[in-house]
Amino acid sequence: MKARGALALVSSTVWGGLAVVGVKIIMGARNQGIHGFPNQGQISYYIFLPVALTFLAIAAYLLAHRGRFIRSAFIVQLGVLLFVLPYMLFFTGGM
């Protein structure tokens, strides 16, 4: 497996896993019946953002198979993977 394939696999697995965890968090908040939770911002942050970045990592991998986009796709995949660190800072409630 080439580096771009491994990077795509890792980043899409990480973001896909965060999307699954986000769905469980939102469903847990919804099942508790607390008024106002989950709100639209929480749904966007815990579900839509990880799903969008999963699709972005997969799209960059597919785009990497075109000859002249290999370097650009690698940079996008690396950026998607490195965005996990600041995302997790707020996902877990800060410092």
Side-chain angles (χ1 to χ4, degrees):
M1 181 179 279
K2 294 183 180 180
R4 67 177 182 252
L7 186 61
L9 179 68
V10 169
S11 63
S12 60
T13 302
V14 166
W15 284 108
L18 285 172
V20 170
V21 170
V23 167
K24 292 184 184 233
I25 288 172
I26 294 298
M27 292 315 243
R30 183 171 291 172
N31 289 339
Q32 288 181 358
I34 302 171
H35 181 68
F37 288 101
N39 59 34
Q40 186 62 37
Q42 291 169 331
I43 293 172
S44 297
Y45 191 75
Y46 290 117
I47 297 174
F48 295 138
L49 184 63
V51 168
L53 289 174
T54 302
F55 286 136
L56 181 63
I58 293 170
Y61 173 72
L62 294 175
L63 189 65
H65 289 294
R66 301 223 159 204
R68 58 184 223 200
F69 296 116
I70 292 173
R71 195 170 296 146
S72 300
F74 183 76
I75 291 170
V76 168
Q77 288 175 355
L78 189 62
V80 166
L81 186 60
L82 291 177
F83 186 66
V84 169
L85 299 174
Y87 177 81
M88 288 302 290
L89 181 68
F90 296 108
F91 189 86
T92 58
M95 296 173 84

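Counting from 1, the numbers follow the sequence of the chain as shown.
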- To the nearest 0.5 Å, how far apart are OH in Y87 and OH in Y46? 7.0 Å

- Message: How long is the straight-line distance from CD of Q32 back to CZ of R30, given to the nearest 0.5 Å?
- Response: 12.5 Å

- Under the side-chain contact (heavy atoms from CB on, under 4.5 Å) test, which residues partner L85, sequence neighbours left out? none

- Path from I75 to L82 over hydrophobic side-chain contacts below 4.5 Å: no

List, one per line, each side-chain donor-acceptor pair under 3.5 Å for residues 6-27, sequence neighbours excluded.
unit_1 : atom_1 : unit_2 : atom_2 : d
S11    : OG     : L7     : O      : 3.0
S11    : OG     : A8     : O      : 3.3
S12    : OG     : A8     : O      : 2.7
S12    : OG     : L9     : O      : 3.3
T13    : OG1    : L9     : O      : 2.6
W15    : NE1    : V80    : O      : 2.9

- Gap separating the CG atom of L53 from the CD atom of Q77, nearest 0.5 angstrom: 12.5 Å

- Item | Minimum heavy-atom distance A64-I70, with the two atoms named | O-CG1, 3.2 Å

- Task: Report yes if the distance between the aromatic ring centroids of H65 and Y61 is under 6.0 Å, otherwise no.
- Result: yes

- Single-linkage hydrophobic cluster, 4.5 Å side-chain cutoff, V84 and I58 together: no

- Query: Can you check whether L49 reaches F83 side chain to side chain, under 4.5 Å on heavy atoms?
  - Reply: yes

